[in-house]
2 protein chains.
Amino acid sequence: MNLSLDDIQQKFRGCGLKSTPQRTAIYRALVHSTAHPTAEDLFAQVSPTYPMLSLNTVYYTLGVLRKAGLVQEVNIGHDRARFDANLSPHHHVICLGCRTILDVMDPRLNRLTSPSGLPKDFEITNYQVAFRGYCGPCRRSPLLMAT
Amino acid sequence: MNLSLDDIQQKFRGCGLKSTPQRTAIYRALVHSTAHPTAEDLFAQVSPTYPMLSLNTVYYTLGVLRKAGLVQEVNIGHDRARFDANLSPHHHVICLGCRTILDVMDPRLNRLTSPSGLPKDFEITNYQVAFRGYCGPCRRSPLLMAT
DNA sequence: TCTTGTTTAGGAATCATTCCTATGTAGCAA
DNA sequence: TTGCTACATAGGAATGATTCCTAAACAAGA
Ligand SMILES: [Mn+2]
Ligand SMILES: [Mn+2]
Ligand SMILES: [Zn+2]
Ligand SMILES: [Zn+2]
C-alpha cells in the first residue's frame with residue numbers, strides 16, 4: 001500500500017470525485033492502515049495536519065468513498081462502523097478481547113459455493129466470513145475478555 | 001421449535017435463571033421466530049399481553065439470556081442488534097433491500113478449517129458466514145434497494 | 001412466612017451517526 | 001484569468017438505539 005498523493009488524485013478523478021485536501025488525507029490514512037479504523041480513528045489521525053477538520057466531514061467523505069466503491073464498511077458487530085480500503089476479496093478475524101480486526105487472505109475462502117436451502121430467486125452478490133476468537137495478548141490477560 | 005411454557009421454565013432453571021412472566025414471554029417470542037428480531041420487535045410482539053412491559057426489560061432480558069448462552073446476537077451490519085435463539089451452528093443470508101435475515105443450514109459451511117496466515121497464538125472460537133444479496137421481491141422492485 | 005438478591009419500569013443519560021445550513025472551494029467554461 | 005455553480009466543509013443541533021440509574025416488585029430458597 002504505497003499510494004502517492006498523485007496516485008490518489010488520479011484515482012479520485014477516475015471516479016469523478018473532486019479532490020480536496022481533507023478527502024485526500026482521509027483516504028490516504030485509510031489506505032495506509034490495516035487496522036480497519038473507525039471514523040473517529042481517522043479523524044484523530046488526520047486532525048493534527050488539518051486542525052479545522054470536522055468529524056462530520058470524515059463521515060461524509062467515507063460515505064462518498066463508499067458509494068464510489070473505493071472503500072468498504074466492515075460490518076462486524078453492530079457497534080461503531082469500521083472502514084477498509086482493501087478491496088481485494090478477503091475476510092476477517094476479530095479478537096473479542098481488544099476488538100482488533102485482522103485481514104484473512106486465504107484464497108480457499110473465496111471459493112465457497114452458493115449454500116443449499118436458499119429461496120430460488122435469492123441472488124447472492126457477495127459473502128464474508130468472520131472468524132472470532134482471542135489474540136495472544138488477550139488470551140494471556142483474560143481479565144479484559146468481553147462476554 | 002415448539003417449546004411449552006413448562007419447557008421454558010425447565011430451561012431457565014437449568015441455567016440458574018429466575019423464571020418471570022416477562023422473561024418467559026420474551027424468550028418464547030424469540031424461540032418461535034425465525035426472523036432474527038430486534039429488541040423493539042420483541043417488545044412490540046410481547047407488549048400486548050404485558051402492557052406494563054418496558055423496552056428496558058427487553059434489553060436487560062436479552063443480555064441475561066445471552067450471558068446464559070440461550071440466545072445469540074446476530075452481528076449483521078452495525079445497525080440495531082438482532083437476536084437469535086437458534087443455537088445450532090448455522091449461518092445467514094441477508095437481503096440488502098429489506099434487511100431480512102434467513103438461516104443457512106448448509107452443513108458444508110460448518111467444516112471450514114482455520115485460515116492460513118493467522119498469528120500463531122490467535123485462538124479462533126467460532127466463525128460465521130454472512131451471505132449478502134437481494135431476495136426475489138426486492139429484485140423485482142429495485143426502487144427500494146439500499147446502497 | 002421472611003429475607004435477600006434479582007428483576008422490572010420508567011426516566012434520564014450516552015454516544016455514534018445524521019441532519020441542517022451557512023460558508024468555502026474545485027473544476028469547468030467563457 | 002475570471003466567474004459560475006455544484007459539491008464540500010464546519011459546526012451545531014437533532015436523532016435514535018442502547019445503557020445507566022433508582023425505587024419498587026418479586027422469585028426462590030431458608
Ligand atoms: Mn480488511
Ligand atoms: Mn439464525
Ligand atoms: Zn485481542
Ligand atoms: Zn429483500
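Just so it is clear: chains get the letters A, B, ... in the order the sequence lines come, proteins before strands, and each one is counted from 1.
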**Request:** Can you tell me the distance, in whole Å, between the NE2 atom of B:H78 and the P atom of C:dA16?
**Result:** 11 Å
**Request:** Have a look at A:T61 and say if it touches a base, only the backbone sugar-phosphate, or nothing, with a 4.0 Å heavy-atom cut-off.
**Result:** sugar-phosphate
**Prompt:** Given atom OH of B:Y59 and atom P of C:dG10, what is their separation to the nearest angstrom?
**Reply:** 17 Å
**Request:** Would you mind reading off the distance between B:I26 atom CD1 and C:dT7 atom C1', rounded to a whole angstrom?
**Result:** 11 Å
**Asked** Hey, which of these two, B:K18 or B:E40, hits DNA chain D nearer its 5' end, going by closest nucleotide?
**Response** B:E40
**Request:** Would you kindly give the CG-to-P distance between B:L53 and C:dT8, to the nearest whole Å?
**Result:** 9 Å
**Asked** Base, sugar-phosphate, or nothing: which does A:A81 touch, judged by heavy atoms less than 4.0 Å apart?
**Response** sugar-phosphate
**Request:** Could you tell me how the ring of A:H90 sits relative to the ring of A:H36: parallel (under 30°), tilted (30 to 60°) or perpendicular (over 60°)?
**Result:** tilted
**Message:** Determine whether the aromatic ring centres of residues A:H32 and A:Y27 are separated by less than 6.0 angstrom.
**Reply:** no
**Item:** Side-chain heavy atoms of A:F131 within contact of A:V129, under 4.5 Å
**Value:** yes
**Request:** Nearest-nucleotide wise, let me know which of B:S19 and A:T57 is further upstream toward the 5' end of DNA chain D.
**Result:** A:T57
**Request:** Among D:dT9, D:dG11, D:dC20, find the nucleotide with the atom closest to the side chain of A:R23.
**Result:** D:dT9
**Prompt:** Once you round it to whole Å, what is the distance between P of D:dT18 and CD of B:E73?
**Reply:** 8 Å
**Prompt:** OP1 or OP2 of D:dT9 less than 4.0 angstrom from a side-chain nitrogen or oxygen of A:T20, does that happen here?
**Reply:** yes
**Item:** Ion pair check, B:R99 and B:D79, cut-off under 4.0 Å
**Value:** yes
**Prompt:** Roughly, in whole Å, what's the span from OH in B:Y60 to P in D:dT18?
**Reply:** 18 Å
**Request:** Give the nucleotide from the list D:dG11, C:dT17, C:dA9 with an atom nearest to the side chain of A:L55.
**Result:** C:dT17
**Request:** Look at the side chain of B:T49 and the backbone N and O of B:V46, then say whether any donor-acceptor pair between them is shorter than 3.5 Å.
**Result:** yes
**Asked** How many Å lie between CD on B:Q22 and P on D:dC26, as a whole number?
**Response** 9 Å
**Complete:** Separation of D:dG29 atom C1' from B:R13 atom CZ, nearest Å, is 13 Å
